[in-house]
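Letters go in sequence order (proteins before strands), and every chain restarts at 1. Heavy atoms only: backbone and side chains are in, while hydrogens, waters and symmetry mates are out.
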Amino acid sequence: MSAIKFEITHVCKQSGARCGILHTPHGDVETPMFMPVGTLATVKYVSPEELKAIGAGVILSNTYHLWLRPGEDIVAEAGGVQKFMNYNGPMLTDSGGFQVFSLADSRKIHEEGVTFKSHLDGSTLFLSPEKSIQIQNKIGADFIMSFDECAPYPSTYDYMKNSVERTLRWAKRGKEAHQRPEEQALFGIVQGGEFEDLRKLCAETLAEMDFPGYSIGGTSVGESKETMYKMIDYSVKYLPWEKPRYLMGVGSVDAILEGIARNVDMFDCVLPTRIARHGTLMTSQGRVNIKRKEYERDFTPLDPECDCPTCRNYTKAYLRHLNKCGEGLGARLMSIHNLRFLLKLSEDARKAIKEDRFGDFKNEMFKKYGLNSVDSRGF
RNA sequence: GCGAUUGUGGUGUAGCGGUUAACACAGCGGGUUGUGGUCCCGUCAUGCGUGGGUUCGAAUCCCAUCAGUCGCC
């Protein structure tokens, strides 16, 4: 018995995009959905109550970071990450595979696992598939991830082939080490870069292992949008229809819409919260850099079409002022807005799918934001 | 009034005979995709109080002048 149940409720007659419901131990959520990232058991500057209020479903946390601080035992002692941070909803932890990739200084990848340096004190750390799952079992998120290698882009075919094969062996080891399959859904991660046969090999082998869901990894690492969409195609094509798919680390408007069109159900990204902290906002009018002088005396809302607390109560001039002064409230109000923007985009996409007009919806959004379908900056 | 001392971008400073006048902050513009990072990148003084002079060459030396600061009358 799996921890989650995925129910596909409708397939758009116009586009073939799908929507559904994910039943989790901490409640039901609708797909396709965007999932805010809260690396250290906190979505930076935003409280769990605020996340709920703007319609967040699943939120992420991170194995590597919680392992280092405060330590998985403390999170377990608190009653799991949901109780620890008081988030009354489903959560997902990334395995730490991406951190090994992004904190790449002097890392060594072996069959057994990865040796690398702590970003906090430089000490040597070791993470393996078993260790990652063991930590995730203690952290207690509803969705947990296999420990994979997120290979750099571009990688040679030979490197990627070896990497994928190892990632598959790691997936098997992680699955065997998983102690709580009835409470936590472990996803396998499809790698393989831009090579179709490697994506196919990876997806099909994972499918044989029968995971409750599948992630698509190795995207948003420097490749073009066109290449990213191919990577998605080459992965989704070989995955079982009835299981949820999660495109890791993708959060620009265009890529989310292209992902939904390709039957991806879950997305996460630090983009909305990171750019918000630095003053860039996703709005119905396109990208807004709140630092610009033109907003100095602009006493209108950030986005007139947005229903978030920031847009209902504050002006661009004030947000600009907070950002210029480095005040935390600015980061907070703008993070809330950007998250609401992507959560609303998910809601609108689901509605369009249910009404069999997702194709039109996607085209309208691209037109509205001045995006092109293959290679654009997005937001 | 006399003496000393200091005048370099919006700000604080570095440079003390040959630099593309350096650095930081502020300003302006851009970036950010399974979050190490309130972070990264670009741009910003045709000019060193002003006027002369010395020198191949002056922000740097000399003279005058103006302004500030500190003493003494």
Is the phosphate of [N] approached by [X] (side-chain N or O, under 4.0 Å from OP1 or OP2)?
X: A:T39; N: B:U35; result: yes
X: A:N289; N: B:G29; result: no
X: A:R287; N: B:U32; result: yes
X: A:K324; N: B:A26; result: no
X: A:S102; N: B:G36; result: yes
X: A:R274; N: B:C39; result: no
X: A:N62; N: B:U35; result: yes
X: A:R292; N: B:G30; result: yes
X: A:R277; N: B:U38; result: yes
X: A:Q99; N: B:G34; result: no

Quickly work out the [X] [atom1] to [N] [atom2] distance and round it to whole Å.
X: A:I290; N: B:G27; atom1: CD1; atom2: C1'; value: 17 Å
X: A:I232; N: B:G34; atom1: CD1; atom2: P; value: 14 Å
X: A:E294; N: B:C28; atom1: CD; atom2: P; value: 12 Å
X: A:L329; N: B:U38; atom1: CG; atom2: C1'; value: 15 Å
X: A:L271; N: B:C39; atom1: CG; atom2: P; value: 19 Å
X: A:N338; N: B:U33; atom1: CG; atom2: P; value: 14 Å
X: A:L342; N: B:G34; atom1: CG; atom2: P; value: 13 Å
X: A:I275; N: B:C41; atom1: CD1; atom2: P; value: 19 Å

At under 4.0 Å between heavy atoms, what does [X] touch on the DNA or RNA strands: base, sugar-phosphate, or nothing?
X: A:D148; value: base
X: A:Y45; value: base
X: A:G251; value: base
X: A:R320; value: sugar-phosphate
X: A:E327; value: nothing
X: A:L120; value: nothing

Comparing nearest nucleotides in RNA chain B, the 5'-proximal residue of the pair A:A255, A:G326 is A:A255
Judged by nearest nucleotide, the residue sitting upstream toward the 5' end of RNA chain B, A:A331 or A:E149, is A:E149
[N] versus [M] - spacing of their [atom1] atoms, nearest Å:
N: B:C48; M: B:A22; atom1: P; result: 15 Å
N: B:C39; M: B:C25; atom1: P; result: 10 Å
N: B:C70; M: B:C28; atom1: C1'; result: 40 Å
N: B:U38; M: B:A45; atom1: P; result: 30 Å
N: B:A67; M: B:U43; atom1: P; result: 40 Å
N: B:A24; M: B:G36; atom1: P; result: 26 Å
N: B:G47; M: B:G15; atom1: C1'; result: 14 Å
N: B:C73; M: B:G27; atom1: C1'; result: 48 Å

Want to know the stems of RNA chain B: at least 3 consecutive Watson-Crick or G-U pairs with distances under 3.5 Å, which are they?
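So far as stems of 3 or more pairs are concerned, RNA chain B shows B:1-7 with B:66-72, B:10-13 with B:22-25, B:27-31 with B:39-43, B:49-53 with B:61-65.
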Taking the side chain of A:K44 as heavy atoms from C-beta outward, which of B:G37, B:G34, B:U33 is closest to it?
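For A:K44, the side-chain atoms sit closest to B:G37.
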Per A:Q191 side chain, nearest of listed nucleotides B:U32, B:G36, B:G34
B:G34
For residues A:I133 and A:P129, determine if any side-chain heavy atom of one lies less than 4.5 Å from a side-chain heavy atom of the other.
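They are not in side-chain contact.
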Backbone N or O of A:E223 within a donor-acceptor pair of the A:T227 side chain at under 3.5 Å?
no
Near [X] [atom1], under 6.0 Å, is it more than 12 heavy atoms from other residues, nucleotides or ligands?
X: A:K172; atom1: NZ; answer: no
X: A:R297; atom1: CZ; answer: no
X: A:K368; atom1: NZ; answer: yes
X: A:K52; atom1: NZ; answer: yes
X: A:N88; atom1: CG; answer: no

Consider side chain to side chain contact (heavy atoms under 4.5 Å, CB included). Of A:T167, A:I135, A:I189, A:L127, which one does A:F147 pass it with?
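That would be A:L127.
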Base B:U32 paired with A:T280 side chain (donor-acceptor, <3.5 Å)
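Answer is yes: a donor-acceptor pair is held.
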Suppose we call a contact any N or O donor and acceptor under 3.5 Å apart; does that hold for the side chain of A:T273 and the base of B:U35?
yes
Taking the basic N atoms (NZ, or NE/NH1/NH2) and the acidic carboxylate oxygens, is any pair closer than 4.0 Å for A:E347 and A:R340?
yes
Taking 4.0 angstrom as the limit, do A:R312 and A:D307 come out as a salt bridge?
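Not counted as a salt bridge, because no side-chain N and carboxylate O are separated by less than 4.0 Å.
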Face-to-face contact A:H65 to B:U35 six-ring, under 5.5 Å, under 30°:
no
Do A:K230's NZ or CZ and the ring of A:Y234 fall within the cation-pi criteria of under 6.0 Å and 45°?
no
